[in-house]
Amino acid sequence: PLTFLFSCGDGTFEHKKDQVLAHFKNDTLKQQAANFLIENAKGLKSIDSLSLKKNKPFFEYLEELARISELDEDGRLKTGKRKPDEYIYRKGLDSIIKQQIVSGKMQLPNYIEDSSSISSKAIIENIDNAFWAWKNFPWSRDVSFETFKEYILPYRVIDTYSLESRAIFLDQYKNLLPKQMDISKAADSIREDIHLWFKEDGTLSSLYPFLFPMTFSEIYKSRIGTCYEATALRISIMRSVGIPAAFEIIPHWGNVNTNHFFYRVIDGSNNHRPLIDNKNIYRDTRDIIPGSSYTEKLVNPPKDYQIIYNKTVPKVFRKGFAINKNSLKYLLGSKEVLPAFFDDDRLTDVTSDYLETATVNVNLLDTLSSKSTVLYLAVFDPTGWQPVDWTIINGKTAKFTQVGKNILYLPCYYTKSGVLAAGEPFLLNNDGNLNFFSGASKTQTLELERKFRLSSHNIGNALESVGIRIQGANKSDLSDTVNLYKIDNMTTKITEAHVKHKKKFRYIICNFGGLKKATLAELELWGTANGKGLLLKGKTSGNQGIYKKSISEIFDKDRNTYY
């Protein structure tokens, strides 16, 4: 059984440090590792699981579902895919919400100082296990001590952890990996294995915000989470077997309304990878940043569509264990109000490792004033501009370096009230030049055909759906079926089709026959009564969709779900 508990404290942190150093008095390298851990643990806080006990019924359900998902019909552990099914756990969570009458709001957890919750015994065990992995796996023997300290040794990745996890994961994975593997293949093997039993669900936090933040126990036992939880789990497991891995963050995509988390194996060969240029052309960049591009390579893409082929990246930061004295949090301390993302003294800018970048010089508007010494660059989000970069102001100018191109930015200050514009928004073009946007003196009327991006993935789905037929029949064996409408051309919008056939029909069929794959978000059938439109209702039946999609998702009036 796997349990996750905080160790009890055993005196002051300085006393613990003395105990640990005394234990390793004959090993100077382990003493250096102990000093690194203890000095950088100061100021760190982690989630108090007791403050999230309201979520217990949800995670008890998810843990039981995960346990069942891992077993076959004979009660034996499955060898292949065994992660929880999205359709089932969402249905179960919705049921608990109705029973519990839960508000669906995120909780604000309490946090405990690491220095008071970790015992000297736990620190010693963590160091011993980390050193064992470093020295006993072929892929980690060439890892330097400096790399080991930052990317293998730490007992935590994010603001939740288990002191037992390193030993448990080491035991679980040490015999899973062939000893002749190099470091990249070993990391890939771990990622592929985790993919079999852990469900990464990017919409989970928006659908069930009250589940977050998760404790490490809940991440591991429930077998589900967003890319944030998935990345933390992957890194924890990799470090347990001596693979140095870093936690990378895109604070916000340039053209998608969310942030992103991924890991990077610290391997010298990675330094020679191509860089992302953010150009809107088909290019698979997922080997550089997972999830950064859409995979569909469109042949003869439809004209008159503004198609998005990739997610643009403005900045990339690494969240480390050691304090970064060049971080904004360290430089300013509590002198100014900081955006939540930058209120962290463990962040390091690693954008140049991933992107072709440009330098941006901004002249501040004279009409705006602020006592702030910091200027931010923010990207657009419907909920408000999101700061993704910072620099120290020099008079009336500010200089940003290593900035991702082909993105719209707003120079701004950050106050207690939020973002305050410090200049006009601009597009940083691929050639490095700035295209500023000024407010118009007169109002304009615009007709928006879309409010969300149209990616090559969307286009691919739409193209595959050409050929769907809507048919009518009256006999139960459908032998008298006639065609009423056929999707002859690609459409990305709600389409209204008028049925010209005058005959009445008892059965309406949506026929995908002959198509390799098709996607349908919503289908409504309308008639008339007393000269007015009438939405027709009836019983539904048919084939189970792929990805465990059900027919009900065609009729749920939610365009975000699909069959």
Side-chain angles (χ1 to χ4, degrees), residues 6-7 9-24 27-48 111-134 140 143-167 216 231-232 235-236 238-240 242-249 261 263-264 266 317-334 338 340-350:
F6 283 110
S7 295
D10 52 0
T12 66
F13 213 37
E14 288 302 318
H15 177 64
K16 295 176 190 179
K17 180 179 178 180
D18 292 340
Q19 290 179 318
V20 174
L21 293 177
H23 179 83
F24 293 125
D27 192 325
T28 55
L29 209 56
K30 286 187 176 181
Q31 279 197 331
Q32 292 179 49
N35 274 316
F36 174 83
L37 272 186
I38 295 171
E39 288 304 313
N40 286 289
K42 293 176 181 178
L44 291 177
K45 296 180 180 180
S46 297
I47 296 171
D48 176 9
Y111 287 85
I112 302 174
E113 292 275 356
D114 287 12
S115 58
S116 64
S117 62
I118 303 178
S119 68
S120 56
K121 180 176 180 291
I123 297 172
I124 291 168
E125 289 176 351
N126 179 81
I127 293 172
D128 281 337
N129 285 327
F131 267 80
W132 190 93
W134 182 32
S140 57
V143 173
S144 70
F145 181 60
E146 291 303 310
T147 299
F148 163 80
K149 284 194 303 181
E150 180 63 56
Y151 302 112
I152 295 178
L153 176 65
Y155 58 87
R156 58 178 269 168
V157 179
I158 56 176
D159 294 340
T160 180
Y161 61 91
S162 162
L163 293 169
E164 301 173 359
S165 64
R166 184 187 293 274
F216 198 90
T231 299
I235 292 174
S236 295
M238 288 181 187
R239 289 178 177 178
S240 73
I243 299 174
F247 190 86
E248 314 287 69
I249 307 171
F261 307 90
Y263 73 87
R264 177 177 177 181
I266 305 302
F317 290 88
R318 178 171 298 165
K319 182 176 176 63
F321 183 78
I323 295 171
N324 178 14
K325 294 183 179 180
N326 292 316
S327 66
L328 182 62
K329 172 70 171 178
Y330 187 88
L331 294 173
L332 290 189
S334 58
L338 303 181
F341 176 75
F342 289 109
D343 194 17
D344 187 340
D345 58 8
R346 319 283 163 140
L347 295 178
T348 301
D349 189 337
V350 292

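As the structure is a prediction and not an experimental result, all values here were calculated from the model.
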Interatomic distance, [X] atom [atom1] to [Y] atom [atom2] [nearest 0.5 angstrom]:
{"X": "Glu146", "Y": "Ser144", "atom1": "CD", "atom2": "OG", "value": "6.5 Å"}
{"X": "Lys319", "Y": "Thr348", "atom1": "NZ", "atom2": "OG1", "value": "10.5 Å"}
{"X": "Leu163", "Y": "Ser119", "atom1": "CG", "atom2": "OG", "value": "7.0 Å"}
{"X": "Arg166", "Y": "Asp128", "atom1": "CZ", "atom2": "CG", "value": "10.5 Å"}
{"X": "Asn35", "Y": "Lys30", "atom1": "CG", "atom2": "NZ", "value": "15.0 Å"}
{"X": "Tyr161", "Y": "Ile47", "atom1": "OH", "atom2": "CD1", "value": "11.0 Å"}

Taking atom types as modelled, is there a side-chain donor on Tyr151 or Arg318 under 3.5 Å from an acceptor on the other? yes
With distance as the sole criterion, is a donor-acceptor pair present between the side chains of Arg346 and Asn324 under 3.5 Å? no
Over all heavy atoms of both residues, which pair between [X] and [Y] is shortest? Give the atoms and the distance, please.
{"X": "Gln31", "Y": "Phe24", "value": "CG-O, 3.2 Å"}
{"X": "Leu21", "Y": "Ala34", "value": "CD2-CB, 4.1 Å"}
{"X": "Leu347", "Y": "Ser327", "value": "O-CB, 3.8 Å"}
{"X": "Ala133", "Y": "Gly242", "value": "CB-N, 3.6 Å"}
{"X": "Phe36", "Y": "Glu150", "value": "CZ-OE1, 3.8 Å"}
{"X": "Ser117", "Y": "Ile112", "value": "CB-CG2, 3.9 Å"}

Looking at side-chain heavy atoms only, is the closest gap between [X] and [Y] below 4.5 Å?
{"X": "Val157", "Y": "Phe216", "value": "no"}
{"X": "Asn126", "Y": "Phe131", "value": "no"}
{"X": "Pro244", "Y": "Ile152", "value": "yes"}
{"X": "Glu248", "Y": "Val350", "value": "yes"}
{"X": "Gln32", "Y": "Leu29", "value": "yes"}

With sequence neighbours excluded, what pairs up with [X] under the salt bridge (Lys or Arg N to Asp or Glu O under 4.0 Å) test?
{"X": "Lys42", "value": "Glu14, Glu39"}
{"X": "Asp345", "value": "none"}
{"X": "Glu113", "value": "none"}

Using the six-membered ring wherever Trp is involved, compare the ring planes of Phe261 and Phe247 and label them parallel, tilted or perpendicular (cut-offs 30° and 60°). tilted
Are the side chain of [X] and the backbone of [Y] linked by a donor-acceptor contact shorter than 3.5 Å?
{"X": "Ser140", "Y": "Val143", "value": "no"}
{"X": "Lys16", "Y": "Ser115", "value": "yes"}
{"X": "Asn40", "Y": "Ile323", "value": "yes"}
{"X": "Ser236", "Y": "Ala232", "value": "yes"}

Given the rule in the side chain to side chain contact (heavy atoms under 4.5 Å, CB included) test, do Phe321 and Leu44 qualify, once you have shown the distances and angles that lead to the verdict? CA-CA 9 Å; Phe321 183 78; Leu44 291 177; 3.6 Å; yes
Kindly state whether the ring of Phe317 and the ring of Phe342 have centres lying under 6.0 angstrom apart. yes
State plainly whether the residues Arg156 and Asp114 are in salt-bridge range, i.e. N to O under 4.0 Å. yes
Carboxylate-amine/guanidinium contact Lys329 Asp344, below 4.0 Å: no
Would you check, one step at a time, whether the test side chain to side chain contact (heavy atoms under 4.5 Å, CB included) holds for Tyr155 with Ile127? CA-CA 9 Å; Tyr155 58 87; Ile127 293 172; over 6 Å; no
More than 12 heavy atoms from other groups under 6.0 Å of OH on Tyr330: no
Before giving the answer on side chain to side chain contact (heavy atoms under 4.5 Å, CB included), spell out for Tyr111 and Asp48 the whole-Å C-alpha distance, their side-chain angles and the decisive distance to 0.1 Å. CA-CA 5 Å; Tyr111 287 85; Asp48 176 9; over 6 Å; no
